[in-house]
Amino acid sequence: MPVRTCPFCEATCGLEVTLDGDRVVKVRGDADDVFSKGFVCPKGTSLKQLHEDPDRVRRPLVKQPDGSFAEVGWDAAFERIAELWAPFVGSDDRDAVGVYLGNPSAHSFGPLLYGRVLLKALRTRSIFSASTLDQYPKQLAAAHLFGSGATVPVPDLDRTDHLLILGANPVVSNGSLMTAPDVRGRIHAIQARGGKVVVVDPRRTRTVQEADQHIAIRPGGDALWLMALLQVLASEGLMTPGEHLAGLDEVVAAAEPFTPEAVAAATGVDPEVTRTAARELAAAPTACVYGRIGTTTQRFGSTASWLVDVLNAVTGNLDRPGGAMFPLPAHAKRGAGRGRGARFGRWSSRIRGAGEVFGELPAACLAEELETPGAGQIRALITVAGNPVLSAPGGERLARALPGLEAYVAIDIYVNETTRHADVILPAPSPLEKAHYDLALYGFAIRNVANYSPPLLERDGLDEWQSLLRLLGVVTGQGPDADVAAIDGFVARALVEKEVGDERSALHGQDVDAVMAQLQPRVGPDRLLDLLLRGGAYGLTLADLEAAPHGIDLGPLQPRLPEILSTPSGRVELAPPDLLADVERLALALDEDAGGMVLIGRRDLRSNNSWMHNLPVLVSGPERCTAWLHPDDATRLGVADGDPVRISSRVGAIEVPATVTDRIRPGVVSVPHGWGHGGDGVALAVARGVAGVNSNALSDDDQLEPLSGTAVLNGIPVEVVAVAAGEPVPA
Ligand SMILES: Nc1nc2c(c(=O)[nH]1)N[C@H]1C(S)=C(S)[C@@H](COP(=O)(O)OP(=O)(O)OC[C@H]3O[C@@H](n4cnc5c(=O)[nH]c(N)nc54)[C@H](O)[C@@H]3O)O[C@H]1N2
Ligand SMILES: Nc1nc2c(c(=O)[nH]1)N[C@H]1C(S)=C(S)[C@@H](COP(=O)(O)OP(=O)(O)OC[C@H]3O[C@@H](n4cnc5c(=O)[nH]c(N)nc54)[C@H](O)[C@@H]3O)O[C@H]1N2
Ligand code: SF4
Ligand SMILES: [Mo]
């Protein structure tokens, strides 16, 4: 039976696909997958419906003068792109070309490997991605502490005795920056071996229901609370710091004012609960603190992420089994590479001067960069696997600005709220028609695992990497039908040269032509992957992976300090100046008025950000896009379960039905993101008919976490009122 890795979330589950010719009969979990062992969620099995979805784009689409899309051949599509791109080819105004890379592009090794190549050729600074709506605070902290944004410690879930989760709901999200199929089963295993799981979340989530303790923190309180844990550990002599650490005294000194009592009002956590949490963290044989979306997409995202790492370090749990460890995927090498440490803000955005982070500008700045005339105004755009109109703050502004672009090319599988504004949409293949290897996610996996899936079905058209290279041909003036194979050959050769020149590579010192010959006859991402595997830590080849369709288990995570560090000091920098400097801002939050309602998000098991809503199997059942309200708030506001409420923030207002539930803290309202499908030309017949609104209409595009430029999507001050019965609902 053919098997392949599910591309829909970070868990990388194995799927078994039953085919009858080229028809998909059934998709279920692969019981023999070395990592997921048969675990699967409803999204994974919906791969069949996605493959068959009549609305999925299968042929290139070109915008017609009347605003509709016409299906055209690939050559015609690229001729149109070349025509539209003519003013930008060779132009000095390089930043006039913008790029937005969306979430699924991180789940696909073609775009991961070749997107970079296109970006380099464009030489633009107008680069945006979902990372500034997501995990950059964690990567920024990692860059400061360990020297690289790629070295993010992940919980050693299968060996820990104590797991402290903040702002994550992995039983529903299936884990993030913690690649682990079946988190629920792994949580149960912690408990079965006598361990404890604590969840810090303003909501009583599905993960809380599996946990031993719930701490219902006020949104945005995490950095303060983590400081208080550190303060307790230090003042009670409970620190057992590991080796290779620098800056311990400084970070401990910074925590001094943040006693459990001092943070109690702002966090809503009883001081005794905080003290006990700190003591238990210290007393556990092994323990791990893990923070995710609720701690990153908020106003103290980087500071909270930093403190997560600090707490793991001062309790001796950084880089030890059962603690927070560094994966070593099959395509990666031992050693740190060239250590340059962290540098941010090397350039700034044109309009509001927001600093660059990992070479990108904040996604929340995209609309203004399109709107505002002048040199550097984005007049041409490429989006790959993204829907920022629904996913980012300022989406409505962006939707208004997109039609003003002189050229917009989207690589996507749907005509959605964003891509409907494109001049040309280049379809990505169905997941069944392309190869898969989790180049990004294995770097965050709780075991070292490698699994490669070849395409199961034949493709009629270009793969994403081919579209990206053909686009590269256009933007570099080679015309609409550049020799993709030749460009790919250059890309491969350049990577081989880099590989043989890298002392850490198993191919170091080898002859470039000889290595190129070994990779024959592979092309595209397969060739690059084969190269990376050959140069990697385990000496594997792509053929080895092909021979193991259920994956290769490379074992539990191994300690990697100090080998992995690339900080200038060669040690873990616990007190980076940028993060220490932010403590002053944090201290101001101690005295803030805790009154007023705040908005947070919510993820649903059968949803995936702003997409997969066109699959009937996932959107059937009760309405998903509702506002959770605590009964106390509901009573005060005169709202009954199911009544419509109006939620307004500084920037917008939405109306949604209320779900009155004690599963949320009083003073907090929760609405999921990614809903509200529709608008002229959106070709999502099922999703259009599903109730829901865009919660990001409330996200303030002015509110960025200052260090990482990440949007504040949780803890947004809002006003909630009942919509009086009979009052017309505004459009
Ligand atoms: N309020 C609020 N907003 C949020 C969040 C939140 O928690 N709260 N979460 C944020 C996070 S973490 C993220 S990652 C972003 C996600 O936001 P985006 O990165 O903008 O991604 P999606 O909204 O998931 O849209 C994905 C697009 O990719 C297309 N697609 C799917 N598969 C493929 C493929 O294989 N190839 C190509 N080319 N296209 C494909 C889909 O059709 C869809 O158009 O949203 C962010 N927005
Ligand atoms: N089913 C499903 N799975 C997904 C996705 C999806 O849309 N649907 N999206 C995928 C993506 S792109 C990502 S990035 C991951 C995200 O993975 P997770 O981070 O696990 O995702 P969430 O479910 O958003 O969990 C965030 C939690 O933080 C809580 N929270 C909100 N504000 C705060 C706060 O200030 N402090 C604390 N402590 N908690 C807070 C919320 O109540 C929520 O339970 O999920 C991925 N998996
Ligand atoms: S948990 Fe994630 S990877 Fe596993 S089947 Fe579901 S969507 Fe796919
Ligand atoms: Mo994400």
Side-chain angles (χ1 to χ4, degrees), residues 5-15 27-30 33 35-36 39-47 50 53 55-57 100-108 110-111 115 128-135 170 172-177 179-183 292-294 296-297 363 383-393 395 410-419 425-431 433-434 436 438 441 463-464 467-468 599-603 605-614 671-674 684 694-699 710-714 716:
T5 305
C6 176
F8 297 139
C9 87
E10 298 181 36
T12 71
C13 300
L15 302 177
V27 177
R28 59 177 189 184
D30 173 14
D33 186 279
F35 199 16
S36 62
F39 177 83
V40 72
C41 85
K43 280 188 300 187
T45 53
S46 77
L47 176 55
L50 177 67
D53 187 351
D55 284 337
R56 185 166 61 77
V57 181
Y100 176 87
L101 300 171
N103 169 276
S105 66
H107 295 250
S108 200
F128 305 82
S129 86
S131 293
T132 48
L133 306 170
D134 190 345
Q135 84 289 356
V172 164
S173 69
N174 283 297
S176 182
L177 299 187
T179 284
D182 190 15
V183 171
R292 208 41 199 96
I293 283 289
T296 57
T297 55
T383 64
V384 183
N387 190 10
V389 167
L390 286 192
S391 297
I411 302 183
D412 209 288
I413 57 173
Y414 283 115
V415 182
N416 63 25
E417 293 70 22
T418 305
T419 61
I425 302 179
L426 300 170
S430 154
E433 297 164 348
K434 62 180 184 186
H436 186 89
D438 276 300
L441 304 179
D463 200 345
E464 282 163 299
S467 288
L468 288 163
L599 175 78
I600 63 170
R602 182 165 92 236
R603 278 178 163 75
L605 185 61
R606 294 194 296 157
S607 170
N608 201 3
N609 297 314
S610 81
W611 75 291
M612 300 191 87
H613 298 161
N614 209 50
V671 182
H673 72 283
L684 297 165
N694 176 13
S695 72
N696 275 322
L698 301 172
S699 309
T710 301
V712 175
L713 305 173
N714 284 289
I716 300 169

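Just so you know, these numbers come straight off a predicted model, no measurement behind them. When a ligand or atom number is given, it counts from 1 through the structure's own listing order.
A side-chain donor from one of Asn696 and Ser699 sits under 3.5 Å from a side-chain acceptor of the other. Residues Asp438 and Thr12 bring no donor and acceptor atom of their side chains to less than 3.5 Å of each other. No donor-acceptor contact under 3.5 angstrom links the side chains of Ser173 and Arg603, judged on distance only.
When heavy-atom distances to ligand 1 are checked against a 4.0 Å cut-off, Ala385 comes that close through both its backbone and its side chain. Both the backbone and the side chain of Leu133 come within contact range of ligand 1, each with a heavy atom under 4.0 Å. With a 4.0 Å heavy-atom cut-off, ligand 1 is reached by the side chain of Lys434 but not by its N, CA, C or O. Proximity of His107 to ligand 1, defined as any heavy-atom pair under 4.0 Å, is not found for any part of the residue. Both the backbone and the side chain of Ser391 come within contact range of ligand 1, each with a heavy atom under 4.0 Å.
The contact set between ligand 1 and Asn416, taken as ligand atoms under 4.0 Å from a residue heavy atom, comprises 43 (C), 44 (O).
Contact of the Leu50 side chain with the Tyr414 side chain is registered, since non-hydrogen atoms from C-beta on lie closer than 4.5 Å.
For atom 4 (Fe) of ligand 3, the nearby protein N/O/S atoms, meaning those under 2.8 Å, are Cys13 SG.
Here's the thing with Asn608: none of its N/O atoms is less than 3.5 angstrom from an N/O atom of ligand 1. For Asp134, no nitrogen or oxygen atom sits less than 3.5 Å from a nitrogen or oxygen atom of ligand 1, counting backbone and side chain alike.
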